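Here's the structure, in structure tokens; my notes come after.
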Amino acid sequence: MTALELETLRNAAMTLSEQERAALAKDLVASLDGPADEGVAEAWGREIRRRIQQIDSGEAELLDAKEVLSRARDRIRG
């Protein structure tokens with residue numbers, strides 16, 4: 001695609017509504033990610049189930065938001 005063609009396309013896109021531009025932008029960004037890995041959703045499902053089991057069994061330490069932010073600030077400060 002030439003620079004002129006790209007500019008023409010860009011100008012045409014800018015005439016779209018905000019909602020249409022957002023949908024187009026989403027599709028363009030998604031196209032940069034490459035093909036979806038079929039195993040990712042399954043792996044996340046397993047991880048979520050594992051974490052729920054840890055919470056249910058009491059193995060996981062749950063923190064409230066204030067504690068999480070406090071710990072993060074402490075780590076950043078060194």
Side-chain angles (χ1 to χ4, degrees):
M1 178 173 280
T2 68
L4 180 58
E5 290 170 328
L6 182 59
E7 183 64 26
T8 301
L9 182 58
R10 183 180 295 117
N11 289 338
M14 295 305 290
T15 66
L16 299 172
S17 71
E18 184 175 329
Q19 184 177 3
E20 291 167 328
R21 289 193 319 274
L24 177 60
K26 178 183 173 192
D27 291 343
L28 290 172
V29 170
S31 75
L32 299 174
D33 290 338
D37 183 347
E38 297 298 324
V40 171
E42 185 179 325
W44 271 113
R46 284 192 308 271
E47 179 64 14
I48 291 166
R49 287 189 298 278
R50 184 185 71 78
R51 291 182 187 197
I52 290 170
Q53 188 276 328
Q54 287 179 323
I55 291 168
D56 289 346
S57 71
E59 182 182 347
E61 177 187 7
L62 301 180
L63 305 172
D64 65 27
K66 287 181 183 180
E67 178 65 20
V68 171
L69 292 174
S70 175
R71 288 185 184 191
R73 286 186 188 106
D74 290 344
R75 290 184 75 173
I76 290 169
R77 291 183 190 125

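Fair warning: this is a prediction, and the values are worked out from it, not measured in the lab. Because only heavy atoms are used, hydrogens play no part in the values below, and waters and symmetry mates are left out as well, while side chains stay in.
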Practice task
Find the distance between CZ (Arg49) and CD (Gln53) and round it off to the nearest 0.5 Å.
Solution key: 12.0 Å
Handout entry: Arg50 vs Gln54, side chain to side chain donor-acceptor pair (under 3.5 Å): CA-CA, chis, key distance, verdict
Key = CA-CA 6 Å; Arg50 184 185 71 78; Gln54 287 179 323; 3.3 Å; yes
Handout entry: Gln19, CD atom: more than 12 neighbouring heavy atoms under 6.0 Å
Key = no
Exercise for the section: Just jot down the side-chain hydrogen bond (donor to acceptor under 3.5 Å, both in side chains) partners of Ser17, sequence neighbours excluded, or say none. Expected result: Glu20
Problem - Arg21 with Glu18: basic N within carboxylate O range, under 4.0 Å - result: no
Fill in the blank from the handout: Distance col, row Leu28:CG vs Leu32:CG, nearest 0.5 angstrom, shows 7.5 Å
Handout entry: CD (Glu5) with more than 12 external heavy atoms under 6.0 Å
Key = yes
Practice task
Kindly check if the number of other-residue, nucleotide or ligand heavy atoms within 6.0 Å of CE (Met1) is above 12?
Solution key: yes
Side-chain donor-acceptor contacts of residues 68-78 below 3.5 Å, not counting sequence neighbours, with atom names and distances?
unit_1	atom_1	unit_2	atom_2	d
Arg71	NE	Glu67	OE2	2.8
Arg71	NH2	Glu61	OE2	3.2

Practice task
Give, for atom CG of Asp37 and atom CD of Glu42, the distance between the pair rounded to the nearest 0.5 Å.
Solution key: 10.5 Å
